[in-house]
Amino acid sequence: MSVFALIDCNSFYVSCERVFNPLMEKQPVVVLSNNDGCVISRSDEAKKLGIKVGVPIFKIQDIVEKNKVIAFSSNYNLYGDFSLRVMASLTLFCPNIEIYSIDEAFLDLSTLTIADKTAFGNLIKTKVKQWTGIPVSIGIAPTKTLAKIANHLAKKSTKLNGVFDLTNPNLIDIALERTSVYDVWGIGRQYGKLLSRANIKTALDLKNADDDWIRKHMHVVGLRTVFELRGISCLSTKDAFADKKGICTSRSFGKPMEKQEDIQQAVATFVVRCAEKLRKQKSAASAITVFIMTNKFADGPKYVNSKTIQLPVATNLTPELIKYAMRNLKAIFRKGYKYKKAGIIITDIISESNIQQDFWDHIDRDKNKKLLKIIDHTNKSLGRDKIKFAAQGYNKKWKMRQEHLSPNYTTQWKDLLIV
DNA sequence: TCTGGGGTCCTAGGACCC
DNA sequence: TCTGGGGTCCTAGGACCC
């Protein structure tokens, strides 16, 4: 029988911020999205105040002030580094690991002999906290979907103390009955509504649902979820380092931008980021999309547009990609709008070693490749954008609002904590 | 004043082939 | 009543995840 453990960090971003600020342990803390827009991570104290995930911070200003809620800007350098530490710790307990997201990982325990799974979970929990400072919750079950539910219950229950072993078949139906169908992994808003209308309200109802009905309305993906609830494992462990099939870099601007020149600089910077990611996984792309949009919430004229171009030769060379992106931007840019967001999407990704040459290609790709290798290396050791492309400009007018940014305690010498 | 930024997988349907 | 029967490839759109 298969056995999976899902390890999920509790309020991950908030927990990262708290590691170096232990005085905040009992205080309500939230972390904001890019541009200090929405709440994306909350401490238990903040959850108790009724602060919902996704709510724009300016809409809850009174709650924040009245309860002295501490807010942080997103610091992905910090969270990324803590994530690496947590995942490295988990690998010591089970090498068969799937890193599912920045704060979650599945361990495939099927081949391990573990007498007491709850004790094993508690050991992991204690050691990860001791080594990294991050609190985690653990759910153990025969399938990934059940492990998710076990994890959810472990988080909610005070009795379980953060670890729940749901491999006992007698417990499964009881657990499913207490789980809303909306809380099942793979059931989002739309399917949740659909199932509710069909009087399928709990995870147990879903487990006992009619296969043909599920197949018809939710296709094979939905049926897989149902099978998983029945203890039949349909989702195997995936390779966490598989190459990405699409790469996107986009940002909202700190303030609305009107001039084409300013947006060009932002877009060029997004291309630089995309190309870096592309080269990192040793891939090349054959299509590039540029999109721009005005603020969808504000009054005033609105405009959204995008353009995709197919490249004659798949590439990961930044200068070439910038050239195509600028051409696309020029085609869709309209004067007289206040732009709020722009982005680059790179698709049709293939391996660098499989690039099909073009007989009439006039770019010296070897020379460019050598140059970019040096630039990547320099920027990696000296800091992002130490060497940058002229198209990126110098005065980052579009820069994000980040008014509550914490130091990079673990990745910058100058931010090292002094005790 | 202020509303995030990444991803994946699947299906239906159209265009085409013999 | 009957209208051939197999395929492939591509794209848009919809669902989901964190």
Side-chain angles (χ1 to χ4, degrees), chain A residues 6-9 11-13 30-41 52-61 64 71-76 79-80 83 98-106 144-145 148 151-152 181-195 214-225 228 234-236 238-256 270 273-274 277 281 286-287 289 291 293-300 302 306 308 310 338 340-349 400-404:
Chain A
L6 173 64
I7 289 86
D8 190 314
C9 302
S11 309
F12 182 53
Y13 297 168
V30 297
V31 171
L32 306 175
S33 61
N34 274 342
N35 254 320
D36 293 347
C38 302
V39 172
I40 53 171
S41 180
K52 298 265 183 284
V53 66
V55 68
I57 188 75
F58 73 88
K59 283 193 175 172
I60 53 162
Q61 212 38 255
V64 170
F72 284 96
S73 304
S74 291
N75 184 343
Y76 287 101
Y79 312 150
S83 179
E98 175 187 348
I99 297 167
Y100 180 70
S101 74
I102 194 164
D103 74 326
E104 270 178 73
F106 287 101
K144 284 180 162 183
T145 306
K148 273 268 184 186
N151 187 289
H152 193 230
V181 78
Y182 283 94
D183 290 334
V184 175
W185 192 38
I187 306 299
R189 255 222 197 86
Q190 300 303 318
Y191 286 153
K193 271 193 271 182
L194 176 81
L195 291 167
I214 296 292
R215 178 75 176 80
K216 185 174 170 214
H217 292 95
M218 297 165 67
H219 319 289
V220 296
V221 187
L223 201 55
R224 255 180 229 151
T225 299
E228 284 254 319
C234 303
L235 307 167
S236 56
K238 278 185 290 186
D239 179 7
F241 303 103
D243 288 344
K244 289 179 174 57
K245 295 168 181 173
I247 293 174
C248 171
T249 301
S250 75
R251 293 286 179 278
S252 296
F253 305 138
K255 55 184 182 207
F270 301 155
R273 291 288 99 76
C274 276
K277 295 179 202 172
Q281 68 170 38
S286 311
T289 303
F291 67 87
M293 58 178 74
T294 52
N295 189 342
K296 59 183 168 185
F297 299 101
D299 298 331
K302 292 188 179 48
S306 72
T308 304
Q310 292 291 328
K338 289 184 161 75
K340 182 62 182 168
K341 183 176 179 176
I344 291 288
I345 306 167
I346 277 174
T347 46
D348 291 15
I349 291 175
M400 293 188 291
R401 236 191 352 265
Q402 288 184 308
E403 290 170 7
H404 315 283

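Below, read A as the first sequence line, B as the second, and so on, with proteins coming before strands; counting in each chain starts at 1.
- Counting only heavy atoms from C-beta on, A/Lys244 has its side chain closest to B/dG7 among B/dT3, B/dG4, B/dG7.
- Each of B/dG5, C/dC18, B/dG7 was ranked by its minimum atom distance to the side chain of A/Lys277; first place goes to B/dG7.
- Phosphate contact (OP1/OP2 of B/dT1, side-chain N/O of A/Arg401, threshold under 4.0 Å): absent.
- Pairing partner, C/dC16: B/dG7, with both Watson-Crick or wobble hydrogen-bond distances short of 3.5 Å.
- Side-chain atoms of A/Val221 lie closest to B/dC10 of the nucleotides B/dC10, B/dG5, B/dT11.
- With a 6.0 Å radius and a threshold of 12 heavy atoms from other residues, nucleotides or ligands, A/Lys255 has its NZ atom at or below the threshold.
- Taking 4.0 angstrom as the limit, A/Asn35 places none of its side-chain polar atoms (N or O) nearer than this to OP1 or OP2 of B/dT3.
- Looking at A/Asp36 and A/Ser73, their side chains do bring a donor and an acceptor atom within 3.5 Å of each other.
- Which of C/dC17, B/dG7, C/dC16 sits closest to the side chain of A/Gln190 comes down to C/dC16.
- Nearest nucleotide to the A/Tyr191 side chain, out of B/dG4, C/dC18, C/dA15: C/dA15.
- At B/dC2, none of the side-chain N or O atoms of A/Lys340 fall inside 4.0 Å of OP1 or OP2 (strictly under the cut-off).
- Checking the phosphate oxygens (OP1, OP2) of B/dC9, no side-chain nitrogen or oxygen of A/Arg224 falls inside 4.0 Å.
- The listed nucleotides are B/dT8, B/dG6, B/dT3; the one nearest the side chain of A/Lys59 is B/dT3.
- No more than 12 heavy atoms of other residues, nucleotides or ligands lie within 6.0 Å of NZ in A/Lys338, so this atom counts as exposed by the packing criterion.
- For the OP1/OP2 pair of B/dT3 and a distance below 4.0 Å, the side-chain nitrogens and oxygens of A/Ser252 include no atom meeting the criterion.
- In this structure, of C/dC17, B/dT11, B/dG4, it is B/dG4 that holds the atom nearest to the side chain of A/Ile40.
- Note on A/Lys245: a side-chain N or O is less than 4.0 Å away from OP1 or OP2 of B/dC9.
- Residue A/Gly343 is out of contact with every strand shown, counting any heavy-atom pair closer than 4.0 Å.
- Among the nucleotides B/dT11, C/dC18, B/dG4, the one closest to any side-chain atom of A/His219 is B/dT11.
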